[in-house]
2 protein chains.
Amino acid sequence: MPIPKNDMTDSTVFTKHDHQLCIQEALDTAKEICKSNGLRLTDTRLRVLELIWQSHTPVGAYEILAKFSEEGRNSAPPTVYRALEFLQENNLVHRLASLNAFIGCIAPEHGHQGSFLICKKCSKAQELTSRELEKDIQALAGKQGFTVDNMTLEVSGVCPRCKAEA
Amino acid sequence: MPIPKNDMTDSTVFTKHDHQLCIQEALDTAKEICKSNGLRLTDTRLRVLELIWQSHTPVGAYEILAKFSEEGRNSAPPTVYRALEFLQENNLVHRLASLNAFIGCIAPEHGHQGSFLICKKCSKAQELTSRELEKDIQALAGKQGFTVDNMTLEVSGVCPRCKAEA
DNA sequence: TCTGCGATGTTACATTATAACGTTTGGCCA
DNA sequence: TGGCCAAACGTTATAATGTAACATCGCAGA
């Protein structure tokens, strides 16, 4: 695994960074993961993943569909949804339930849960990777005898950049 | 405010309890809150709230619409969605984004955020009211300069009852 | 009683997602 | 290499969820 040039777990989408690098690394990582797991990262799937990463904000399924259309692919919704399903299953993207939109996972190799800060001004979303938080939640659930399968945390608010501007 | 006969913040939907009491208390509390805040808890709104509380699992908007239809009201979607909007704004119900469904809030007077344990076997959902968790998340967000407006935490898993059965 | 605003009715439509079935493709093994 | 199977994709249709826009109603306060 190559050493990432942007440390995605420390930098945030709210701070300045080379997003081209993010995209490239995310795609490279995805390719590696699929290769080593015998998964087929097909053209459609790769392109969906790329479009998601290229966007600065979470992307809806029908936005992807529209891009496909612009590119001459005339696909129907199931094509996109199937690609998204594959990417989700393999932890390459997350779905933000509160937005009905998708975002690239910044740490697919960790199989962690998705937690997100979502700025309601600029619509950007930052994934959090807090093992602690996960443990706290596990503990809280455990107290009630509840076994956690997976969780989604979506925090809406204002990011530092938008705050600075206001 | 009357002393609740079920302590809703300690008991859970996963354990045995008198749900008729839950419903009655929830409706009474809602009436009080609306009264003291000059809000109109109309017939439609009250019935929507009641239907939500009567259900053992989170309820979709179109389920409510169907009940309305059974009851002779022939309402259109906006009627239900508007009632739901009102109830959400006044913290009487929460929307579970991961289910596109609604659930009664167990502590409307506290104006807290909603966190939920959702059992994927029986579909029941239990609201959590952990100030600590909220603070942790606030802190985590704060570290990135992010100001939290509101948050939704939805934990999917298996409840103690369903575990016992399996 | 009048009046104004908030609540509801009504129609139409937008957005998001999936079911069902046929066709293609890519890899595996004889 | 050729055939076969399963997985991926295409296609059509439709389900499920949610909202815009405008008309009407009704209640509370002047």
Side-chain angles (χ1 to χ4, degrees), chain A residues 30-31 34-52 55 57-69 71-90 92-103 123 152 154, chain B residues 30-31 34-52 55 57-69 71-90 92-103 123 152 154:
Chain A
K31 283 174 193 164
C34 288
K35 195 167 188 180
S36 63
N37 290 51
L39 301 167
R40 291 173 55 191
L41 188 56
T42 63
D43 190 46
T44 303
R45 291 166 175 176
L46 182 60
R47 187 67 186 126
V48 168
L49 183 60
E50 193 176 8
L51 285 172
I52 288 173
S55 171
T57 60
V59 188
Y62 279 75
E63 286 179 65
I64 294 170
L65 203 57
K67 290 270 185 191
F68 267 37
S69 178
E71 293 173 0
R73 312 187 186 227
N74 62 339
S75 304
T79 297
V80 169
Y81 279 100
R82 284 191 286 232
L84 288 169
E85 192 182 2
F86 170 87
L87 296 170
Q88 283 181 267
E89 277 169 0
N90 296 291
L92 297 168
V93 307
H94 291 285
R95 179 172 185 276
L96 299 183
S98 62
L99 300 179
N100 294 331
F102 300 84
I103 186 173
S123 300
T152 66
E154 300 177 23
Chain B
K31 283 174 194 165
C34 288
K35 195 166 187 181
S36 64
N37 290 52
L39 302 167
R40 291 172 59 188
L41 188 55
T42 62
D43 189 48
T44 304
R45 291 167 176 175
L46 182 60
R47 186 67 186 128
V48 168
L49 183 59
E50 193 177 9
L51 285 171
I52 289 173
S55 171
T57 60
V59 188
Y62 279 76
E63 286 179 65
I64 295 170
L65 202 56
K67 291 271 186 192
F68 267 36
S69 179
E71 294 174 1
R73 312 186 186 227
N74 62 339
S75 304
T79 297
V80 169
Y81 278 101
R82 284 191 286 232
L84 289 169
E85 192 182 2
F86 170 86
L87 296 170
Q88 283 181 269
E89 277 169 359
N90 296 291
L92 296 167
V93 307
H94 290 286
R95 180 172 185 275
L96 299 183
S98 63
L99 301 178
N100 294 331
F102 300 84
I103 187 172
S123 299
T152 66
E154 300 178 22

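Model, not experiment: these values are computed from the prediction. Only heavy atoms go into these numbers, but all of them, side chains included; no hydrogens, no water, no symmetry mates.
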query: Starting at CG of B/Leu96 and ending at C1' of D/dG18, how long is that distance when rounded to a whole Å?
result: 17 Å
- prompt: Distance check: side-chain N/O of A/Arg45 vs OP1/OP2 of D/dC9, anything under 4.0 Å?
  reply: yes
- prompt: How far apart are the closest heavy atoms of A/Glu154 and A/Leu99, and which atoms are they?
  reply: OE1-N, 4.5 Å
- prompt: Does A/Arg82 pair with A/Glu85 as a salt bridge, N-O distance under 4.0 Å?
  reply: no
- request: Figure out the CG/P separation between B/Leu41 and C/dA7, and round it to whole Å.
  value: 11 Å
field: Whole-Å gap separating P (C/dT8) and CG (B/Asp43)
entry: 9 Å
message: Tell me which residues in residues 77-86 of chain B lie within less than 4.0 Å of DNA chain C, going by non-hydrogen atoms.
response: B/Pro78, B/Thr79, B/Arg82
message: For A/Leu49 versus A/Ala30, what's the shortest heavy-atom pair and its separation?
response: CD2-CB, 3.5 Å
query: Among the nucleotides C/dA17, C/dG9, D/dT17, which one has an atom lying closest to any side-chain atom of A/Asn100?
result: C/dA17
query: What pair of heavy atoms forms the shortest contact from B/Phe86 to B/Arg40, and how long is it?
result: CZ-O, 3.8 Å
task: Calculate the interatomic distance between B/Leu65 atom CG and C/dG9 atom P; express it in whole Å.
output: 11 Å
field: Earlier contact from the 5' end, DNA chain D, for A/Ser75 and B/Ala101
entry: A/Ser75
field: Nearest-0.5 Å distance, CD of residue A/Glu63 to OG1 of residue A/Thr57
entry: 6.5 Å
- prompt: Taking CZ from A/Arg73 and P from D/dG10, how many angstroms apart are they, rounded to a whole number?
  reply: 8 Å
- prompt: B/Leu39 has an atom CG; how far is it from atom P of C/dG6, in whole Å?
  reply: 12 Å
message: Need to verify one output field. Residue with the more 5' nearest nucleotide on DNA chain C, B/Thr42 or A/Gly60?
response: B/Thr42
- prompt: Between A/Gly60 and A/Ala101, which heavy-atom pair has the shortest distance, and what is it?
  reply: N-CB, 4.1 Å
query: A/Glu63 CD to C/dA14 P: how many Å, rounded?
result: 17 Å
- request: Return the minimal non-hydrogen interatomic distance between A/Glu71 and A/Leu51, and the atom names on each side.
  value: OE2-CD2, 4.2 Å
query: Does D/dT17 have B/Tyr62 stacked on its base, where the ring centres are within less than 5.5 Å and the planes differ by under 30°?
result: yes
message: How many whole angstroms separate atom CZ of B/Phe68 from atom P of C/dG9?
response: 9 Å
